[in-house]
Structures are given as structure tokens and as C-alpha cells.
There are 2 protein chains.
Amino acid sequence: MLAKLITIGDEILIGQVLNTNAAFIGEGLLSIGIKLERITTIGDNEEKIISALQRALEEYDVVIITGGLGPTHDDITKKVLVNFFHTELIMNDQVLNHVKGILQKRKIQVSAINEEQALVPKNCKVLFNEVGTAPGMQFDYNGKDIFVMPGVPHEMRHLMNTHIIPYLREKNTDIIQTKTLLTTGIPESSLFSLLGDINDLTKNADLAFLPSPRGVRIRIMIKNSNETFASNELSRIENIIRERANRFIYGEGKTEIEEIIGELLKSRNLKLAVAESCTGGLIANRITDISGSSQYFERGVVTYSNESKHSVLNVPMEVIQEKGAVSEEVAILMAKGVREISGVDIGISTTGIAGPTGGSELKPVGLIWIGYSDKSETFAKSFNLGGDRLVFKERASQTALDILRKQLLNKDK
Amino acid sequence: MLAKLITIGDEILIGQVLNTNAAFIGEGLLSIGIKLERITTIGDNEEKIISALQRALEEYDVVIITGGLGPTHDDITKKVLVNFFHTELIMNDQVLNHVKGILQKRKIQVSAINEEQALVPKNCKVLFNEVGTAPGMQFDYNGKDIFVMPGVPHEMRHLMNTHIIPYLREKNTDIIQTKTLLTTGIPESSLFSLLGDINDLTKNADLAFLPSPRGVRIRIMIKNSNETFASNELSRIENIIRERANRFIYGEGKTEIEEIIGELLKSRNLKLAVAESCTGGLIANRITDISGSSQYFERGVVTYSNESKHSVLNVPMEVIQEKGAVSEEVAILMAKGVREISGVDIGISTTGIAGPTGGSELKPVGLIWIGYSDKSETFAKSFNLGGDRLVFKERASQTALDILRKQLLNKDK
């Protein structure tokens, strides 16, 4: 089954609101083997809505519409549907009682425009909306399904989860299986080359490469009515990719590297401290985004000035003056220093040039030294990560966390 | 002028990636008086791309395409454009040198697929991409403009800002004036009530409220061919809003509060240090996102454990044990401590319960104490910020930075 989504609303067109509904719907449909093939976003305009719906019904089996169901004058979706189907609005008593109940609970007077929310096109099946005042609707169009939902994200999610996904799961017989492998430390083109001849990988599957400052994700997607074949094929492709590129793969799906590190530290009963210069707190921030991080994250320091590198981390001023703040020696002393002052098992550090100013020929913008120290090993590695200031910081934090991840994997549980 | 955006990429259709590019482009076009009328998202499929482009050229003056320009097999946009225009690919030496330069700087071998990125359709004007390897392209189609950009967000933004927006600003004669006022510390519904009767504000303008964890943005939008009328009306509305809600307004447009603080600190020649517990480095990270922050940001510490609050910031262990780590006393001692150990003018601190665990009846998840200390004044304030862990951290960092902003405004330049 192929689906199209029509999202209605100026707020998305003028960039005030991200279309998170589209992502939720796309992901939900995929999970039951339905591919969202097209997303169209338009304003509250009758002609545009009708033409988008007509085109959709020519090409797709399922059409989902969100938005324009609110109580105010600019919400026209229901009226448009009445015109499209040459039908009329009728009062739905169950919805009316529900709307009255919600408003009374909030101590809001029920007005005429609230009551109008209980009017629905005569030919629709009402999708009861427990969490809001605008009902969802389902229409049959020569065997094709049209679903209409309010654009308010939590109401839309409720209707998807309780009505639309269960209905379509029952109806659909296609199977789509996907897996996403997360890599870091290798650019898209090098990763592609590393995988060598990919014809064997793509003969039964779609293979996509998704680059971001944190790394390149590889997505494998298989559409096949034979479920066993699809899952075997998915495993086969994953194994080949892992054989060729495993040292760059840190996780799967939507996992962030800071979650993986948290699990590794917990299972090994190790504590971590971080000394950051150019990453400016981003590493500590990412680590503490994970609930429970206080179990393994002891402290972070953002030693931005040279003086603070000396006074907080005991890096000798002579070393900073002789070698420069961005140097192998300083990165090592920072990692060792933060580990020692905090009495933890592992210290990591960053010192680099985030730019756009402060670079030189010898030490250009984008250069970074990342330090690592535990009781048996202390070292620093340099990278040139390029990018603008924020991209540099993202790449730098990811690179440092990946060095930590690899070191942790070598330690016994 | 009316515009259509075509975003190409399965990652958006299956909900793996939010279409942030669409929001950026919609907002950018609006800022120069061009309304984005339609966004279409499709996969990397030649037939679909061509038909979306053909339909777009029937209805719109400007067509923008993003995505599908990477170096791997699944990126087909360039090939599709060559077919659409019945032209051929030619090597662009400037782009080729640039690609080689980028890769050499990052010590990456230049491969054949990298070189192919410098191939461009013969009839296009190359939009030079300083920050990536895939060039942007501009095509003329009977006086209509087609722009093509890579989907990588920071590359797309660079091309919009340096090529497309300046070009279209020159060409477009429509007038849409907008202003966005940034508030924090007040929920959407309270802000709306505070503004009172808004009929007078909306008679010639669209007024929108956009809530986020960092605060509520108020957007005023006026479409009027009389430029003087529009700008007078914009000022009038802004003044009324400022009269009623000024104490919650910290900035305009897209300015972040960390930029405002940077300017305030620089103009007053003051230095800052930050001691974070529950915000986990987010405040330091936001401050150091600003280029030039090393001028005024001396250091940050993320004292996550009680021991680190004591050993780094000299908070007595007895106070932590008696009052608890999340308390007025500890917040004050952290702010004072970080100011004193770093020898700066101002110290700020956070200590709170980010959740989801660790709350109690007396100290629930969402509670935070924010400390402030300079040579004449030291205090702490408490807030209950609610939200999940990441929303809490965002709100907490914003609240702390806004306290700092207000204190700085009271100081002489």
C-alpha cells in the first residue's frame, strides 16, 4: 500500500512550526509496512486542498490529511470535504456530549463555535478523539481510504495510535523491514568507497546514506511480501556492511553515542570526568542528557582560559606557553588532570580551534586535540574537523565520545 | 512572488529526519516578502522529481529543490536535472579544486566519486558551496528561477544566505513585513491574557504565538503594498505589545539570549564563570556557541557530584548534607564559589532536579535553584520548570541566562 500525506497550515509554510506530524505519521506507517510516498504541505485554501486530494486519489491507496479542523474562521478542511463529496454536515451527538464534557471540566462556557465542532460530513465514519474537541474522520473513496485528523500533535498521535494504525495494520499485507546502522569518523564518500561493490547489497534492498555532523547513518530497507526472506536478506546485508565498516559503526536505530557510553560505563562500574576547552560544555551536556548519568558522570570543567587550564587542571603555564593551548601535551595534561583532581577512572579532554577566528597556518580553524587518560593509558589524538563553529563543536564532541567508546569496549566488564 | 519547495529524500518520508530545511527556507523567503505556497516531499525517484518540477513551474515563480546531491548511488537529483533540461554534465574546475582542498585539509583521499561532485549541468549557474563538497545550482526556465541545494542543513543554510536570499531580495518587489518579539518566563496563555484585547493589533496584521522551551515568540506579519503604512503599523503594534509585556521580552528576530549576554558583558568589560549541576554543561555550551566568547567567558564547571561541589567550589559538605544539594544555600555558595575561584566579576549557578527520577514531595522533578553572584550582590531564586529532562534543561538554561541578562542591564557600561 502506498500513502500520501497532506498537511494543511500556514505555520509550516512560513517556518514557524516544524512538521513533526509528518515524521510521526511516516514512521508509524512504515512500522506496519506502508510507505509514505509523498508529503504535501499547503495553506488553508479550498482550491489547493481539493486539487491535492484529487491528485492523491489518482496515485495512492491511503490519503491522510491533517490540519484545518479547529473552531476558528481560518479552519476550512471540513467544509472543503463536504464540497468534495457533495454531502452535508450532520450533528454527531456522541461528539457533542464529549465536547461539552471537555469544556465543562475546564470551566469554559460552551459556545456555538464549540458546538459546530460536533458537525461532521454525513458520509464519514467518525474517529472519536478522546483528547481534544475536533473529531477525526474516515472516508471511503472507491475502496481507497481517506483519513482526516486535527493538526494538534498530541491529538493527531492519539487518532493515529487508536484508530488509523490498527485499521491499516489489519488491511495491509505488504511487509517493509528496515535497519539503520550508525557510523562516525568517516565521511559519506569514504564510507561508500569502503563498502566497495554495493550491487550485491542493493539487489533486493534500498540502501541510503544520511550524513550529519555526528556521522553518517546507513539505512537498509527491504520491501518484500515474504517475511522470512526479508529478514534473512536484512541480516545478510547488515553482516556484509559490518564486515567492511565495523570499526566506524557505533550503534543502531536512533541510539545516541552518549547512551551507549552510559551503558558501557555502568556495566564496567567506571566513573568519568571531562575537561573541555573548544567543545565548551557540549560533551558534558550530551552526557547529562541521559537520565541516570549522575551514576557515572562525576564532573566536567570547561577550562576556556589558559589560566583556568592551569589553576583547575594543574597544566603548567610553561607548557601552555611553549606548546600552545591547542597541543598534544596540553590535551594529555588536561585529560590526566581532570581524572586526578576528580578521583575518577577516566578523564577525557578537548582543546582546539572552533573558529571562525583564532586559526593560523600551523594551527588552522578546525584543528583539535582530544585527550584520554585512565590508570593504565594516557594519550591524545589530533583531527581536522573543519566546519563552522557549531558543526565543529558537534563533530568534536562526537569524535571524543567515540574515542571513549572504543577505549571502554576494550575494558573487561 | 510565489514559491514552491521540493524536498527530496526518503529519510523525511519515513520519519527518520524532521524537515528542518523547509522551515528555514519558508522563514527565509518570508523575510524578503516571498510566500512559500507549497512544500512537496518525495523520494529519490526520477519520475516523481520530474513531475513535481513540471507542476511547480506551471504555478510558481520560484522553485527550490533540496536533497539528492550527495556522492552516493542513491543521490540522483543532478542526473534528473540533466534529463529534464536535455543537457549534459560538465566539469567545473573551481568546484573541483574546492572539493580537493576540503578533503586534503581533512586528510581524506580524493576518489572518483568525490571528483564527480564537481560535475554540473552545462546550463546551470553554479552556487559555490564554501562549506561542503556538493555545489548549489541555479537554472533559468522562461524567466522562472529554479534553485537546487544539497539537503545537508548547514550547507543548505549557507547557500540560502549567501546566494539565494540576496538574489531574490533584489528581484522581488512584493512587501511582507514581519517582526518577531522574543519572550521568556511566561506561558503562552498568560502572555495572551496579558496583551488584553488584541482586536486592535490584528485588524491589519497577522499575530502568531509560537511557544518553545526557550520561551514564546510573538510574530507580527503585515502584507501591504504601501510600505510606509506597513512599517508604521508594525511599529504601532510592536509598541503596544512592548507596553503590555516588556518585562518578558528579551530580544527580536532570531537572536539567542547568549548573544545578547555576550554583547552586554563585552560592553561592560565584565568576565563570567558558570557552575552547573542540573543543566549539565548546557549553559556553558550555549555561551561558547558564540564566536568571541573567550573574551568574556573564563570557565565553567559541571559539578554533578556532591563531592565536586565541595572540592571544586568550596561548598561545605555540611551545608549539602543539611540543606540538600538542591537548595538556596547551595546555589548561592556555587555561584559565589565559581566567581571567587576563577577571579571573575560574575558567577552564576544551577542546581535542580532534571528527572525523570530523583524527585520527592518537597523537592519535585522540575524544581531548580539558580544562583547569581557579583561583588555587590549574591542571591538565588527558585522555579518549578516541569517538563521532561531535555525540556527542563532548556528552560533552566534560558531562565538562568535571563536572570544574568537582567542583572547586566542594571550595570553601567
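We name chains A, B, ... by the order of the sequence lines, and we start the count at 1 in each one.
Only the side chain of A:Lys35 comes within less than 4.5 Å of a heavy atom of chain B; its backbone N, CA, C and O stay farther away. With a 4.5 Å cut-off on non-hydrogen atoms, B:Thr40 touches chain A through its backbone and its side chain both. Of the two parts of A:Ser51, only the side chain, counted from C-beta on, holds a non-hydrogen atom closer than 4.5 Å to a non-hydrogen atom of chain B. With a 4.5 Å cut-off on non-hydrogen atoms, A:Asp10 touches chain B through its side chain but not through its backbone. For A:Ser291, the parts lying near chain B are the backbone and the side chain together; criterion is any non-hydrogen pair under 4.5 Å. With a 4.5 Å cut-off on non-hydrogen atoms, B:Leu13 touches chain A through its backbone and its side chain both. Contact annotation for B:Ile290: only backbone heavy atoms (N, CA, C, O) come within less than 4.5 Å of a heavy atom of chain A. For B:Arg389, the part lying under 4.5 angstrom from a heavy atom of chain A is the side chain only. When heavy atoms are compared at a cutoff of 4.5 Å, B:Gln16 approaches chain A by way of both its backbone and its side chain. Contact of B:Ser293 with chain A is made through backbone and side chain together, with heavy-atom distances under 4.5 Å. With a 4.5 Å cut-off on non-hydrogen atoms, A:Glu276 does not touch chain B at all. Both the backbone and the side chain of A:Ile42 come within contact range of chain B, judged by heavy atoms closer than 4.5 Å. Interface remark: B:Asp75 contributes side-chain atoms only to the contact with chain A (heavy atom separation under 4.5 Å). Of the atoms belonging to A:Leu5, not a single heavy atom falls under 4.5 Å from chain B. Within the 4.5 angstrom heavy-atom criterion, only side-chain atoms of A:Pro187, from C-beta onward, approach chain B. For a residue to count as touching a neighbouring chain, one of its non-hydrogen atoms must lie under 4.5 Å from one of that chain's; by this rule A:Phe297 touches chain B with backbone and side chain alike. Only the side chain of B:Ile113 comes within less than 4.5 Å of a heavy atom in chain A; its backbone stays farther off. B:Glu59 touches chain A through its side chain: at least one heavy atom from C-beta onward sits under 4.5 Å away, while N, CA, C and O do not. Contacts of A:Leu30 with chain B are made by side-chain atoms alone, with heavy-atom separations under 4.5 Å and no backbone atom involved. Contacts of B:Ile12 with chain A are made by both backbone and side-chain atoms, with heavy-atom separations under 4.5 Å. Only the side chain of B:Val152 comes within less than 4.5 Å of a heavy atom of chain A; its backbone N, CA, C and O stay farther away.
Between chain A and the options B:Leu18, B:Thr7, B:Thr178, B:Thr72, heavy-atom pairs under 4.5 Å are most frequent for B:Thr72. When each of A:Glu298, A:Lys271, A:Lys254, A:Lys309 is scored by its heavy-atom pairs under 4.5 Å with chain B, the top score falls to A:Glu298. Contacts with chain A were tallied for B:Ile108, B:Val131, B:Ile283; B:Ile108 has the most, counting heavy-atom pairs under 4.5 Å. Among B:Gly343, B:Ser277, B:Ser294, the residue making the largest number of heavy-atom pairs under 4.5 Å with chain A is B:Ser294. For the options A:Gly300, A:Ala284, A:Ser305, heavy-atom pairs under 4.5 Å to chain B are most numerous at A:Gly300. Highest contact tally toward chain B, considering only A:Val301, A:Leu210, A:Asn19, is held by A:Leu210 [criterion: heavy-atom pairs under 4.5 Å]. Comparing A:Leu207, A:Thr357, A:Thr303 by heavy-atom pairs within less than 4.5 Å of chain B, the highest count is held by A:Leu207. The most heavy-atom pairs under 4.5 Å with chain A, out of B:Gly281, B:Pro153, B:Ser31, come from B:Gly281. Among the candidates A:Glu188, A:Met221, A:Glu11, the residue making the largest number of heavy-atom pairs closer than 4.5 Å to chain B is A:Glu188.
Defined by atom type and a distance below 3.5 Å, a donor-acceptor pair is present between the side-chain atoms of A:Ser311 and B:Arg299.
Although no hydrogens or angles enter the test, the distance criterion places no donor-acceptor pair under 3.5 Å between the side chain of B:Glu258 and the main chain of B:Asp289. For B:Asn161 (side chain) and B:Arg157 (main-chain N/O), a donor-acceptor pair under 3.5 Å exists by modelled atom type. Panel note: side chain A:Thr279, backbone A:Ser397; no donor-acceptor pair is recorded below 3.5 Å. Not a single donor-acceptor pair under 3.5 Å links the side chain of A:Ser189 to the backbone N or O of B:Asn114. With hydrogens and angles ignored, the 3.5 Å screen pairs no side-chain donor or acceptor of B:His154 with any backbone N or O of A:Ser212. Proximity of a side-chain donor or acceptor of A:Glu259 to a complementary backbone N or O of A:Glu256 within less than 3.5 Å is detected. Side-chain N or O atoms of B:Thr41 include none that pairs as donor or acceptor with a backbone N or O of A:Arg38 at under 3.5 Å. The backbone N or O of B:Glu155 lies less than 3.5 Å from no partner atom in the side chain of B:Asn129, so there is not a single donor-acceptor pair.
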Check your understanding: Under the salt bridge (charged side-chain N to carboxylate O under 4.0 Å, His left out) criterion, do A:Lys48 and B:Glu37 qualify, and how do the steps go?
Key -> CA-CA 10 Å; A:Lys48 286 212 166 70; B:Glu37 288 272 318; 2.9 Å; yes
Practice item. Might you work through the side-chain hydrogen bond (donor to acceptor under 3.5 Å, both in side chains) test for A:Lys393 and B:Thr288, ending with a clear yes or no? Key: CA-CA 10 Å; A:Lys393 283 178 76 178; B:Thr288 60; 2.8 Å; yes
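Taken to the nearest 0.5 Å, the CZ atom of A:Phe392 stands 4.5 Å off from the CD1 atom of A:Ile368. Distance check: A:Ile186 CD1 to A:Leu191 CG gives 5.0 Å after rounding to the nearest 0.5 Å. A distance of 12.5 Å separates CD of B:Glu130 from CG of A:Asp388, quoted to the nearest 0.5 Å.
Contact annotation: the side chain of B:Ile6 never approaches that of B:Ile49 to less than 4.5 Å [non-hydrogen atoms, C-beta and beyond]. Contact check for A:Arg219 versus B:Ile14: side-chain heavy atoms found under the 4.5 Å cut-off.
Of all heavy-atom pairs spanning A:Asp44 and A:Gly9, the tightest one is OD2-CA, 4.2 Å.
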